[in-house]
There are 2 protein chains.
Amino acid sequence: MPPSRTTRKQRRDAMEQRVLAAAEQLVRDGENFGELSVERLAGVSGISRSTFYVHFEDKGDLARRMTKAVVADLEEVSTDWWSTADQADRGQLRTAIGAIIDVYRHRGAAFTLVSQAAAVDESVADELRGLMRRLIDRTRQAIELGQAAGAMRPVEPRETAAVLIWMIERVGHQMLRPSDSGGHDKVADVLTDIIWSTLYRV
Amino acid sequence: MPPSRTTRKQRRDAMEQRVLAAAEQLVRDGENFGELSVERLAGVSGISRSTFYVHFEDKGDLARRMTKAVVADLEEVSTDWWSTADQADRGQLRTAIGAIIDVYRHRGAAFTLVSQAAAVDESVADELRGLMRRLIDRTRQAIELGQAAGAMRPVEPRETAAVLIWMIERVGHQMLRPSDSGGHDKVADVLTDIIWSTLYRV
DNA sequence: ATCATTTCCGGACACGTTGTCCGGACAGAG
DNA sequence: CTCTGTCCGGACAACGTGTCCGGAAATGAT
């Protein structure tokens, strides 16, 4: 028999992807990740509970993979702002913030899942802390560059970067519920105004 | 027999307070609230497991009361700022922020407990969201008053209030680890600068 | 001082979840 | 065709939960 079009590993990855997507969807529908039983998770994913344990060590394992999957999106979209931070261009800032907001909007459930899991599972929390640390660090560098270029006010680079990143993170979780999607632009405007006022506006 | 010096209700409240304090202490020592069994919780508090259920509906009930307690602390210390928000006085703002930071510093474990519980227990999350909404609402009113008095910039009151409150919450929770207590003043300075730049500085 | 009430304890119970293991079915790989 | 990987369903022990009970102890009222 010739190797079928879908290899074993492909199907394996596809299934695990299905489980991740199902978990994300459940959280998006308002379920609490911590209150989800493996039974329910497996059922929605179309596999049996025992099969779940073949693919995942436990629920925390799932959350850790979700964390990694989500990290790239945020980091990638943040690059736009970091690279133009030394130009005091409010329009560019607004565009960059809008892009970040979009990531939270589309993958918001994944972030919520990760946050909920991090509160319970220390290894997930470590994974998340590492991500935030990287974001903060690169933002700090951007601020230092902007200050060197004379485009930014003399704020404390390290602390300001941390506060702004945590602010964006929290807003992404708490204020971008799909329910009131009308206000998303307004939220992006407000974030832009706060960052602009803090970093650039003389 | 004359009523003893401590009435029933007094002792009841005292015991429940002891349980709250014990839980807070356990979290302060690095325990995860979600992984704490009622057995352990009761044991540390010096009561039996069955007695715990006489005083608390469940672990979530304990967390909800903790939530009310800590947010009440926040609300009380925030009053100073809300009442003077229409005066563009940076020193007053800095003092108010410092007071808020102090609450997070001293009751940090309680906030951690609430966060951990909210991640697992939807009712705790609801309680927290509701109480935060109150903080946001009063901040929004303060902004509207400040704008009416001509002291503040024309920001969106509702969204800006929400973003700033969530920013403070996240910073208090993530950036005020007792380990590096030296940076707390710097954090308060940065928060003050951000809020000042956003709301007041022309 | 006596008596009723409240409070606490320890133990039991049914229930749900977890993580592990197994035998058997089935399809893809060699 | 045979072997191997994958999945299922079911079982299991272990643990935590929330509820209930009987009895002991402390407390308040008479």
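To find a chain, count down the sequence lines: A is the first, B the second, and so on, and within it residues start at 1.
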In whole angstroms, how far is the [atom2] atom of [N] from the [atom1] atom of [X]?
X	N	atom1	atom2	result
Leu62(B)	dG18(D)	CG	C1'	16 Å
Glu39(B)	dG16(D)	CD	C1'	9 Å
Asp121(B)	dG16(D)	CG	C1'	15 Å
Leu36(A)	dG16(C)	CG	P	17 Å
Lys9(B)	dT7(C)	NZ	P	11 Å
Glu57(A)	dG19(C)	CD	P	9 Å
Asp58(B)	dG16(C)	CG	C1'	15 Å
Phe52(A)	dC8(D)	CZ	P	13 Å

*asked:* Please check if the number of heavy atoms outside Arg133(B) that lie under 6.0 Å from its CZ is greater than 12.
replied: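 Count not over threshold, so no.
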
### Message
Is it the case that atom CD in Glu39(A) sees more than 12 heavy atoms from other parts of the structure closer than 6.0 Å?
### Response
no

Polar side-chain contact [X]-[N] base: donor and acceptor under 3.5 Å:
X	N	answer
Ser50(B)	dG10(C)	yes
Arg49(A)	dG10(D)	no
Ser48(B)	dG10(C)	no

Residue pair Asp73(A), His106(A): steps toward the side-chain contact (heavy atoms from CB on, under 4.5 Å) verdict:
CA-CA 10 Å; Asp73(A) 287 353; His106(A) 293 100; over 6 Å; no

Taking side chain as C-beta onward, heavy atoms only, is Leu164(B) less than 4.5 Å from Ile194(A)? yes

Q) Are side-chain heavy atoms of Lys59(A) and Phe33(A) found at a separation under 4.5 Å? A) yes

Nearest to the side chain of [X] - [options]?
X	options	answer
Arg12(A)	dT6(D), dC9(C), dG16(D)	dT6(D)
Lys59(B)	dC9(C), dG5(D), dT17(D)	dT17(D)
Arg11(B)	dG5(D), dT27(D), dG18(D)	dT27(D)

ask   = Does Tyr53(A) have a side-chain nitrogen or oxygen under 4.0 Å from the phosphate oxygens OP1 or OP2 of dT20(C)?
value =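 Result: no.
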
* **Any His55(A) side-chain nitrogen or oxygen under 4.0 Å from OP1 or OP2 of dT6(D)** =>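 For dT6(D), OP1/OP2 do not have a side-chain N/O of His55(A) under 4.0 Å.
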
The residue, Gly46(B) or Val38(A), whose nearest nucleotide of DNA chain C is more 5′ is Gly46(B)

